[in-house]
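Step one of this worksheet: look at the structure below.
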Amino acid sequence: MRFFAVAALSALFHFAVVAEPVEDFIPPRSVPKGFVTTRGSNFEVNGKPFYFVGANSYWLPLLTTQEDVENTFEEMQGAGIKVLRTWGFNAINGSELADAQKSGLTYYQIWNSTEWVLNDGPQGLHRLDNVVSTAGKYGIKVILAFTNNWAPSSMSTGLEALAKRMTFSILIRESYLHTAKRYVKTIVNRYKASPNIFAWELMNEARCLGDLPGGPSCVPGSGTLHTWYKQQADFVRSLDPHHLITTGGEGHFFWKKPVGFWFNGTFVSDYNFNGQAGEDFDADLSLKNIDFGTYHIYPQFWYPQLDTPGSNFTLKSWGLGWIKDHANAARRAGKPVILEEFGVSGLTNKTGVYPAWVDLALGTNHGLLHSGIMPWQFGMTGLKESGGNRLIKYADALIDGASPNDGFAIYKNQSAVWNVFTRAAQVQAAKSR
Ligand SMILES: *[C@@H]1O[C@H](CO)[C@@H](O)[C@H](O)[C@H]1NC(C)=O
Ligand SMILES: *[C@@H]1O[C@H](CO)[C@@H](O)[C@H](O)[C@H]1NC(C)=O
Ligand SMILES: *[C@@H]1O[C@H](CO)[C@@H](O)[C@H](O)[C@H]1NC(C)=O
Ligand SMILES: *[C@@H]1O[C@H](CO)[C@@H](O)[C@H](O)[C@H]1NC(C)=O
Ligand SMILES: *[C@@H]1O[C@H](CO)[C@@H](O)[C@H](O)[C@H]1NC(C)=O
Ligand SMILES: *[C@@H]1O[C@H](CO)[C@@H](O)[C@H](O)[C@H]1NC(C)=O
């Protein structure tokens with residue numbers, strides 16, 4: 001019954017998927033010197049191909065000293081990293097202001113009970129300005145996300161998640177859109193002339209469901225998220241004709257054919273393929289102003305059944321399949337794709353799994369080539385501010401000079417894992433000449 005409903009609805013929504021590869025069909029947009037653009041399934045800078053290994057670091061704009069910011073970029077540069085992905089948002093509640101001022105917490109917006117007020121000061125957007133400009137000094141380009149689907153582990157209700165709930169449940173409510181768009185416009189206008197920006201990202205991991213519900217209208221087949229991506233991407237394009245735009249999504253599909261796995265003798269329909277999350281990777285990537293695709297991989301958190309007796313799939317094999325599926329979808333769309341976040345917990349798991357995933361994504365065989373890969377997340381040691389120990393936002397802290405570790409951070413001293421990515425960066429650099 002469920003399969004029938006999904007298949008019937010998805011037929012309506014698969015309007016723009018092309019059957020044959022259309023590689024190189026979309027001509028490069030003419031952009032100012034140093035800006036990233038696309039040619040078919042690849043990126044280009046100044047007419048040369050651009051393949052990269054990137055770093056995820058949401059905490060970099062939360063640092064308070066230039067020395068720590070510079071040292072972090074220097075470590076990234078040393079590892080061959082060409083792209084940084086970070087958050088272009090950091091909002092606090094008015095009740096948090098006093099503590100924020102005392103602790104030096106970075107915040108760009110504050111909710112004063114009636115509206116969002118911008119913090120265009122040294123503890124606010126100046127820190128983001130500094131990250132964007134310092135990135136250029138180290139030859140690194142920045143992917144900036146406008147908002148999040150997930151609440152920060154804060155003492156109050158996450159404001160970013162609240163914003164998301166309002167977006168999806170009352171998609172067209174002008175008062176909210178006005179506020180959200182005003183912030184997006186502030187950020188885009190601030191950096192739109194900068195070649196240091198790689199791309200704008202509409203939302204980190206947009207889903208119908210997050211820490212807060214997405215509202216009754218955000219269900220499979222409603223196209224709510226697709227409509228939102230379209231509205232937002234068109235709006236950003238109206239402000240900035242040159243920078244690339246992407247979704248920031250996890251890459252969920254909405255496929256007609258049921259995809260699943262066998263567990264304990266039962267067929268389990270797979271959330272990542274059946275549209276329940278709200279995304280439709282194929283349709284979303286076909287949008288005119290979505291220039292490239294993003295997807296994430298966290299099988300251990302998505303599948304409690306993984307690697308257990310009674311299940312027919314493993315951590316490594318599930319990831320390999322997900323990589324192939326997205327490479328194929330991107331080829332159908334004739335646009336680039338990046339593996340924008342991925343993580344497995346445990347050092348042994350990392351060294352056991354990452355080389356296979358990275359090799360497949362970077363391989364030129366079978367047209368599976370990815371333009372970029374970005375492990376979650378970059379780890380830095382030797383940070384000096386506040387003696388290397390400081391709460392940087394809510395529960396996230398620098399400890400003994402080390403950047404926050406959610407179990408996925410990769411520090412330079414973990415050389416077996418670190419070297420997987422420094423080697424990958426060399427492979428990407430060789431393809432970029
Ligand atoms: C919130 O900020 C707006 C704009 O700065 C201001 O007009 C309004 O009075 C503020 N409200 C409160 C409760 O501080
Ligand atoms: C802001 O903080 C106040 C006081 O802690 C709390 O009652 C309120 O729910 C918070 N608002 C949001 C939107 O998080
Ligand atoms: C799998 O099936 C067995 C036998 O029916 C049952 O004991 C077990 O709890 C099931 N496992 C899960 C995770 O559902
Ligand atoms: C598990 O079984 C399903 C159903 O037969 C199949 O579609 C899927 O590809 C299998 N997964 C793996 C990793 O073998
Ligand atoms: C390694 O992965 C397995 C399979 O997902 C998991 O059960 C185990 O907890 C992981 N190890 C660590 C240290 O996280
Ligand atoms: C590497 O550095 C991190 C962060 O300081 C630390 O937690 C870890 O114990 C160090 N050593 C190894 C082998 O991971």
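We count ligands from 1, going down the list as the structure has it; atoms in each ligand are counted the same way.
Not a single donor-acceptor pair under 3.5 Å links the side chain of S403 to the backbone N or O of G379. Distance alone, capped at 3.5 Å, places no donor-acceptor pair between the D396 side chain and the I392 backbone. T147 contributes no side-chain N or O that, together with a main-chain N or O of F89, makes up a donor-acceptor pair within less than 3.5 Å. Looking at W376, its side chain never comes within 3.5 Å of a backbone N or O of I297 through a donor-acceptor pair. Using a distance-only test at 3.5 Å, with no hydrogens or angles considered, no donor-acceptor pair links the side chain of E201 to the main chain of I143.
For atom 7 (O) of ligand 5, the nearest protein heavy atom lies 4.0 Å away or farther. Counting only heavy atoms, the protein gets under 4.0 Å from atom 2 (O) of ligand 1.
When hydrogens are left out, the protein atom nearest atom 4 (C) of ligand 1 is E115 OE2, 3.3 Å; that is the closest non-hydrogen contact. Closest to atom 10 (C) of ligand 5 among all protein heavy atoms lies N349 ND2, 2.4 Å. Atom 14 (O) of ligand 5 has its closest protein heavy atom at S345 OG, 2.7 Å.
Interface atoms of ligand 6 facing A402, defined by a heavy-atom separation under 4.0 Å, are 4 (C), 5 (O). Atoms of ligand 5 found under 4.0 Å from any heavy atom of D307, numbered from 1 in the order shown, are 4 (C), 5 (O). Taking every non-hydrogen atom of V117 and a distance limit under 4.0 Å, the qualifying atoms of ligand 1 come out as 2 (O). Those atoms of ligand 5 with a heavy atom of G346 less than 4.0 angstrom away are 12 (C), 13 (C), 14 (O). Listed by number with element, the atoms of ligand 6 under 4.0 angstrom from any heavy atom of N413 are 1 (C), 2 (O), 3 (C), 8 (C), 10 (C), 11 (N), 12 (C), 14 (O). The contact set between ligand 6 and T381, taken as ligand atoms under 4.0 Å from a residue heavy atom, comprises 4 (C), 5 (O).
Residue Q414 places at least one N or O, backbone or side chain, under 3.5 Å from an N or O of ligand 6.
Using a cutoff of 4.0 Å between basic side-chain nitrogens and carboxylate oxygens, D120 and R190 are scored as salt-bridged.
Between N272 atom CG and F253 atom CZ the span is 9.0 Å, to the nearest 0.5 Å. A distance of 9.5 Å separates CG in L62 from CD in E385, rounded to the nearest 0.5 Å. We find the CD1-CG distance between I290 and L202 to be 5.0 Å, quoted to the nearest 0.5 Å.
Residue contacts with ligand 1 for N112 involve both N, CA, C or O and side-chain atoms from C-beta outward (heavy atoms, distance under 4.0 Å).
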